[in-house]
Amino acid sequence: MLLKEKIPFHYTFGKIKYEVMGVLAYSILVWIMYHNFHFVRIAIPLSVPAMLGTVISLLLGFRSNQAYDRWWEARHIWGAVVNDSRTVARQMLCFLDKEYKDEAIEQFRNRFVNRQIAWTYSLGQHLRGRNALQGLEKWLDKSDMDYLAGYTNKPAAMLNLHARDITIAMREGWLNRYQQVELDRTLSRLCDSQGKAERIKNTVFPSTYSLYIHFSLLLFIGLLPFGLIDFFGWAEILVVTAISACFLLIEKMAIHLQDPFDNKPTDTPVTTIAGNIERDLKQMIREPLMADVTMAIREKETFFVM
Amino acid sequence: MLLKEKIPFHYTFGKIKYEVMGVLAYSILVWIMYHNFHFVRIAIPLSVPAMLGTVISLLLGFRSNQAYDRWWEARHIWGAVVNDSRTVARQMLCFLDKEYKDEAIEQFRNRFVNRQIAWTYSLGQHLRGRNALQGLEKWLDKSDMDYLAGYTNKPAAMLNLHARDITIAMREGWLNRYQQVELDRTLSRLCDSQGKAERIKNTVFPSTYSLYIHFSLLLFIGLLPFGLIDFFGWAEILVVTAISACFLLIEKMAIHLQDPFDNKPTDTPVTTIAGNIERDLKQMIREPLMADVTMAIREKETFFVM
Amino acid sequence: MLLKEKIPFHYTFGKIKYEVMGVLAYSILVWIMYHNFHFVRIAIPLSVPAMLGTVISLLLGFRSNQAYDRWWEARHIWGAVVNDSRTVARQMLCFLDKEYKDEAIEQFRNRFVNRQIAWTYSLGQHLRGRNALQGLEKWLDKSDMDYLAGYTNKPAAMLNLHARDITIAMREGWLNRYQQVELDRTLSRLCDSQGKAERIKNTVFPSTYSLYIHFSLLLFIGLLPFGLIDFFGWAEILVVTAISACFLLIEKMAIHLQDPFDNKPTDTPVTTIAGNIERDLKQMIREPLMADVTMAIREKETFFVM
Amino acid sequence: MLLKEKIPFHYTFGKIKYEVMGVLAYSILVWIMYHNFHFVRIAIPLSVPAMLGTVISLLLGFRSNQAYDRWWEARHIWGAVVNDSRTVARQMLCFLDKEYKDEAIEQFRNRFVNRQIAWTYSLGQHLRGRNALQGLEKWLDKSDMDYLAGYTNKPAAMLNLHARDITIAMREGWLNRYQQVELDRTLSRLCDSQGKAERIKNTVFPSTYSLYIHFSLLLFIGLLPFGLIDFFGWAEILVVTAISACFLLIEKMAIHLQDPFDNKPTDTPVTTIAGNIERDLKQMIREPLMADVTMAIREKETFFVM
Amino acid sequence: MLLKEKIPFHYTFGKIKYEVMGVLAYSILVWIMYHNFHFVRIAIPLSVPAMLGTVISLLLGFRSNQAYDRWWEARHIWGAVVNDSRTVARQMLCFLDKEYKDEAIEQFRNRFVNRQIAWTYSLGQHLRGRNALQGLEKWLDKSDMDYLAGYTNKPAAMLNLHARDITIAMREGWLNRYQQVELDRTLSRLCDSQGKAERIKNTVFPSTYSLYIHFSLLLFIGLLPFGLIDFFGWAEILVVTAISACFLLIEKMAIHLQDPFDNKPTDTPVTTIAGNIERDLKQMIREPLMADVTMAIREKETFFVM
């Protein structure tokens, strides 16, 4: 669940390149008009943009807060995916733990745990809008792959496969009735986590909200040069650009945080987390990592991240 | 759970058309009085409206926050409806999964899952204040429709039908005692989601709160032209209108977000979500979509959305 | 769970009548002193009250937020009462659903469901500090009424009666052991809701907090006329009164929201909600509404509301 | 769960007596220097302290919010203690409810319920840092008292006694296996509530946070007289003192709310709540109140409260 | 869960030593330029930095809030670790409580409780990035230590050992099926707490957010001297340094709070809490404390704390 700690400077400011260039052009234009035509009335008291600035910073503050909450909720959800993946694997291991070693149970359990690993990778790809089945044949067998082909929502269908396996295990006498219900509850929690992640993915942050704040911000930037020109002269260009950049950066940051499953570098690192789940679960069933596949996917991840 | 990402400009600003026209007329009037009668004392220091502006933007900030929380809670609730619909269908599929194929169980299960689909459509219509039974005969059989006619709260009555079916299944020996209790718990969660959605629908946002903020906003807009007229002359008209529009838009947005089940374009997309649930559940019981009915309802939805 | 949407103007402003009249008198006094004695030093720069105004609006913002949260939590709790009342009735209906019709079970169940209706009415009256047993004899039989007389906390004692009935039902073989425990859990949730509502009712909002904010507000209103007198002359009286009214209204609104079980028009509509629960539960056990009693209580409610 | 509604004036302001006297002395000193030595440069523009004032009021706002949240969480926790005490007593009454009257069960149950009452008193004293066993011999028998002597954390040890009793009851056949697990869950919730209360008690509010805000506040008060001296002359002394008192009161209030188990008048009223629990539980097992003991403890409580 | 209440002054301000020295140098430079070269145009109106100051204090306020929430959530999680450790030990004690004294059960239980103690120490070291197995041989036997060596995530593997032991106990007939499931649920909660703590540890606070606020703060400090130089002359150096120190301290405090498992003095006191858990659990199984080991670890903790 690691995020690149050092985001390069050019990346950070590259995001608002065009906006800043626009502001620069605009403030130069204002200065030229002021300098050449000596419109005395062009200057306005600074308290007009200052008032707007306070309003906008308040609204940006609340909005950043809400965007942050969405982002943090997404991390919560992926944290729950990690916990419940470990839990379901632990329950599979111990509920099925017979005194004598049983080949069929062993196979059954490994198949289940591998499907759980596949589910986490699949959910990540599903949320990012990519093919949710791609590369999963390493963890899933042929019959599972065929079953999944008939479903639109692949991860949800995998949970149905989990549930079917649990039913089989109970019928075979490997699980008792309490254990079946308990495992089903863990599946319900996994299903909840998926639904919550889909909700964040599919619910657009209220666009009118963003629009109104953006509109107010433009009005503020539009008035700013007229408020500063009297005191700063040509330096107005620098100050206007710097102040506007502050506001634009805060706005942009909120936009980034509010969509945490959107194939952007500041995304929830779903593939990395899935990789950690794979490592822990593989150690539990004492199987080696599907190293190359994971690597391949990780590389793509890196591609996205950079 | 998709919202139209692009809300057309005329729609956004259409919402505050009348208010903005009123502000325009008022600020023109102030300018005419100032220009023709040369009331010197008509101008006031800008810091009076500025102080009010800060107060109002704070209150609007908190209020937007609360409206946003209501809206986001509504999405949470519909997310839970999705999750628990999937869960109840999965439990029906697997708890009833017999080794031998049993026609009676098959019919029973499909009937149950179809009723769950009907419940989600019905709840959406119930929350929007429309006829909660309309168009449901495709998923419900005659006896269910008759039973429901006797109840005021249709979706709540459907959950009772679910519960009755579960009792029948236990009596038949298709479910064991733990599974019955577990399914009943899922019903309790569905019942909770319904109750929560009804709470948001029926609890008016404290109207005194809205009223006081609106009153303060009018006072602010009323004082604003007098604070700006000295510096801007006729340009005061533009600046007053633009600043007022910012505040009015933010207020309007909060009003829209605070009632998320109200037949407005920024509503929770209950029918679309119900459509997704239908798709997933139909795939689970391997039945085709009730395409035309869904389409018909969807069109009405679109009508509302546009 | 409906609140009167239109609160009449005179009601809204009636709340701050005396405060506004005091402010009016005070600002007239200041103007008379300024006008007659020409104390030049009486005027102070507006930024002194402006600074205080910002501080107070911040504190009022946070405080309104906390008051709103209390109010909203109260609604949450009553929402849970609705949900769990429906749930307990559904469980009674279905857990006791025998193949053959059994008179004793029928009676037992209706008695239980009626007691649940009585509990919701009783809890509402208990929270409003009225006699929690008044008018309940329509839903409760004589022995229950006698039992309850011995208890200080009537609604809590009713839950004990519920629990005793559940034990009887298990002893009779009408409920199995899982169902007993599941019903007991629903009782625990009802007990939780009651305890939460009592907590909100009995926990005074920190009075020092209110006091300090009120003290700051008085200081602000006290300084305001001196800051405005220079610019506005006699108009100062109007502006001071209007601005003070804004602040006082916001403060008053927070005071109203913070005590949601206090016999005030902006209260949680406990009797109306209990009426809805009665309607839904009576339809479930196919009994007619106890119409006249309900009406009587509702009228009293209306009396309070208006 | 009642708090004295009227906190006397001298108490409220007594809290900041020394700070206010310090500010008074300081502002008099500034005035004397200004008056006698005519340092013209001593005055600074008001916007310097005004800017600091805005910053500090924001930080104080957030901080009050966090302190309020701690205080409210403490109330939540004690509310849960009330609810779960009622629940555990109800479960004891009904799960053990045999058809024939059994002396041994009766004794067992009363012993358990009395221990639950003792637990609530004990937890309150434990949180306030007093002897957690003092005065409990009225509700606990000799063997319990001896057992508890060996433990550092008395309330936690009482829950172990509860658990031991439940095991005995199951071994005797008074409880079935589901009921044992259900009662154990209620114990887990009581254990959670205790742990949460201990967390709030033992986790100091981040002291660097408080320190930085206090430091900023001193800087603000230090600059304030220089900003006001020009306009107010000797009246500066009054205005500086009043404004500083506002800020100091808000700061002090946050400090009081943030430690809700600290033997202060604004504390969570743990003993009063325990008294209510005793009343309800005693009525349930039809035993008289341990009146004098309770009174004695209540008096001490009053002593603390005043 | 105790934090040093008195953080020494030099520690608090030592954190921003270099920043403050930088600001000092910068403001001296500005004063020298102003004094020697008499750039009249160097002074700007104070409202420019004042506006930035308001914006930044808002953003810092929100950000402190979020950092505080992370810190408080970390405490919540460690509180849950305490509660569930007590719960799992209580369940072990009572679920396994046979009438006759059984040596095997006794050994089994002590082994389990000791492993639980080891788990809390191990989790603390794991979160701080240290060797999660170091010093655990006092509580774990040889076979456990060998098992753990094969796992990357030691605490997660210990929970698997717990689960294996529970399975053994059920197979031996020491636990019934409900008790097994109930204990498994407690393990799931412990697993959740671990996952949540890992999430906070591994999720970097959005670095773009921090960066943008830091950038705005530098801009503000850069403009501040120019806004104050006209009024204060050389005193500008002091005022600029003091105001900047306020802002820098608030920013630094947020940075400290946001990473609560980071080997810093303001950290969550994981080892101290683990020590308390050890004391309570050892008293429950009536074993003496592993005093010297604990002390050793505590000393290291102190080392870190100071």
Side-chain angles (χ1 to χ4, degrees), chain A residues 41 43-45 47-48 50-52 54-56 58-59 61-63 65-66 69-70 150-153 156-157 159-160 162-164 166-168 171 177-178 180-181 184-185 187-188 191-196 198-204 206-209 211-213 215-216 219-220 222-223, chain B residues 1-7 12 46-47 49-50 53-54 57-58 60-62 64-65 68 71-72 75-76 78-80 82-84 86-87 90-91 93-95 97 99 176-179 181-182 186 228 231-233 239 242-243 245-247 249-250 252-253 256-257 266 279-280 283-284 286:
Chain A
R41 297 283 294 186
I44 59 171
S47 50
V48 179
M51 185 183 63
L52 264 174
T54 307
V55 173
I56 290 162
L58 251 164
L59 293 170
F62 275 108
R63 204 224 159 147
N65 212 27
Q66 285 151 358
D69 282 352
R70 270 173 85 108
Y151 285 84
T152 310
N153 190 328
L159 293 182
N160 295 342
H162 268 17
R164 199 199 51 194
I166 292 168
T167 310
I168 292 169
R171 221 189 282 146
R177 294 179 294 185
Y178 316 98
Q180 186 211 13
V181 165
D184 189 78
R185 249 174 239 172
L187 293 191
S188 297
C191 176
D192 274 9
S193 295
Q194 177 183 342
K196 284 174 182 169
E198 287 174 354
R199 166 170 51 80
I200 290 186
K201 170 72 181 178
N202 290 331
T203 308
V204 182
S207 51
T208 44
Y209 199 1
L211 204 70
Y212 298 172
I213 291 177
F215 173 74
S216 310
L219 183 63
F220 165 71
L223 287 174
Chain B
M1 219 189 287
L2 213 84
L3 195 84
K4 295 258 148 30
E5 245 184 276
K6 295 281 173 199
I7 297 195
T12 305
L46 187 54
S47 51
T54 307
S57 56
L58 250 164
L60 278 180
F62 274 110
S64 309
N65 212 26
Y68 176 84
W71 175 82
W72 192 233
R75 296 285 168 136
H76 261 267
W78 270 94
V82 173
N83 300 344
D84 289 321
R86 282 179 189 162
T87 293
R90 193 192 66 237
Q91 287 174 334
L93 239 74
C94 295
F95 288 176
D97 193 23
E99 275 169 283
N176 65 40
R177 293 178 294 186
Y178 316 98
Q179 291 170 335
V181 164
E182 195 62 23
T186 311
L228 298 173
F231 309 110
F232 285 90
V239 175
I243 292 178
C246 286
F247 278 92
L249 279 172
I250 300 286
K252 200 59 100 188
M253 183 225 37
H256 281 181
L257 284 182
T266 45
R279 188 199 63 205
D280 287 1
Q283 288 179 351
M284 278 170 81
R286 303 191 173 284

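Hydrogens, waters and symmetry mates are skipped; everything else that's a heavy atom, side chains included, is used. Lettering follows sequence order; numbering is per chain, from 1.
- At a threshold of 4.5 Å between non-hydrogen side-chain atoms, the residues B:Met253 and B:His256 do not count as touching.
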B:Asn83 and A:Gln194: CA distance, side-chain angles, deciding distance, side chain to side chain donor-acceptor pair (under 3.5 Å) verdict
CA-CA 8 Å; B:Asn83 300 344; A:Gln194 177 183 342; over 6 Å; no

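- Nearest approach of B:Thr186 to B:Thr87, heavy atoms of both residues: CG2-CG2, 4.2 Å.
- Contacts between B:Phe247 and chain A at a heavy-atom distance below 4.5 Å involve the side chain alone, from C-beta outward.
- Note on ring orientation: taking the six-membered ring where Trp is involved, the planes of B:Tyr68 and B:Trp72 are parallel (angle under 30°, cut-offs 30° and 60°).
- Heavy-atom pairs under 4.5 Å with chain A peak, among B:Gly61, B:Ala80, B:Ser64, at B:Gly61.
- Looking only at side-chain heavy atoms (C-beta outward), A:Tyr151 and B:Met284 come within less than 4.5 Å of each other.
- Between chain B and the options A:Asp184, A:Val181, A:Leu59, A:Leu219, heavy-atom pairs under 4.5 Å are most frequent for A:Asp184.
- For the set A:Leu159, A:Thr152, A:Asn65, A:Leu52, the entry with the most heavy-atom pairs within less than 4.5 Å of chain B is A:Thr152.
- No side-chain heavy atom of A:Phe62 sits under 4.5 Å from any side-chain heavy atom of A:Ile213.
- B:Gln283 and A:Asn153 make their closest contact through OE1-N, 4.5 Å (heavy atoms, listed as atom of the first residue, atom of the second, distance).
- Within the 4.5 angstrom heavy-atom criterion, no atom of A:Arg63 approaches chain B.
- Contact tally against chain B (heavy-atom pairs below 4.5 Å) for A:Leu187, A:Asp69, A:Ile56: the top residue is A:Leu187.
- When heavy atoms are compared at a cutoff of 4.5 Å, B:Asn176 approaches chain A solely by way of its side chain, counted from C-beta outward.
- Using a 4.5 Å cut-off between heavy atoms, A:Ile166 does not touch chain B at all.
- Looking at B:Leu228, only its side chain comes within 4.5 Å of chain A, counting heavy atoms on both sides.
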